[in-house]
Amino acid sequence: MTVAVQADVARRTPHAGPPWAIVSTPPLSGRENMATDVQTLRRLHEEQGGPLLRFFRWNRPTVSYGRLQRREQISIPDGWDTIQRPTGG
């Protein structure tokens, strides 16, 4: 579900940019969440989209780690899934 938001505060600030889109997705696997992020980023880039805030949840306990991190350097609880983010740390 995507909802465009333009709060009263945003209208009273000097920044008169496009309204924010707020996206909340149902619980997904790590792979599905990261694929959704990549797809969303590509779509925003291609369509010159405005700012977007995405809330996501895992459907299982999951540790995500950054693109520049190595899985071997991270403490992962037994039974947890792992996924490497396409961006960040």
Each residue besides Trp58 in its hydrophobic cluster should be listed here, by chain and number; the cluster joins Ile, Leu, Val, Met, Phe, Trp and Tyr at side-chain heavy-atom distances under 4.5 Å.
Met34, Phe56, Ile83
Check which hydrophobic residues are tied to Leu41 through side-chain heavy-atom contacts below 4.5 Å, counting indirect links as well, and list them.
none
Test salt bridge (Lys or Arg N to Asp or Glu O under 4.0 Å) applied to Glu72 - qualifying residues, sequence neighbours left out:
Arg70
Going by the rule salt bridge (Lys or Arg N to Asp or Glu O under 4.0 Å), which residues pair with Arg42 if we only count those two or more places apart in sequence or in a different chain?
none
Give the intermediate values and the outcome of side-chain contact (heavy atoms from CB on, under 4.5 Å) for residues Val23 and Thr40.
CA-CA 10 Å; Val23 177; Thr40 301; over 6 Å; no
By side chain to side chain donor-acceptor pair (under 3.5 Å) - contacts of Thr82 (at least two apart)
Arg71
Under the rule for side chain to side chain donor-acceptor pair (under 3.5 Å), what residues qualify as partners of Glu32, not counting sequence neighbours?
Ser29
Apply side-chain contact (heavy atoms from CB on, under 4.5 Å) to the pair Trp20 and Leu53, showing each step before the final yes or no.
CA-CA 7 Å; Trp20 280 72; Leu53 175 63; 4.2 Å; yes
Tell me, please, which residues at least two apart from Pro61 pass side-chain contact (heavy atoms from CB on, under 4.5 Å).
Trp80
Nearest atoms (heavy-atom pairs only) where Leu44 meets Gly50:
CD2-O, 3.8 Å
Short side-chain to backbone donor-acceptor contact, Gln84 and Tyr65, under 3.5 Å
no
Okay, side chain of Gln39, backbone of Thr36: is any donor-acceptor separation there less than 3.5 Å?
no
Would you mind reporting whether Arg67 and Pro86 have side-chain heavy atoms less than 4.5 Å apart?
no
Taking only residues at least two apart or on different chains, which pairs with a member in residues 54-64 satisfy salt bridge (charged side-chain N to carboxylate O under 4.0 Å, His left out)?
Asp37-Arg54, Arg60-Asp81
Straight-line distance of Asn33 CG to Leu28 CG, nearest 0.5 Å
4.5 Å
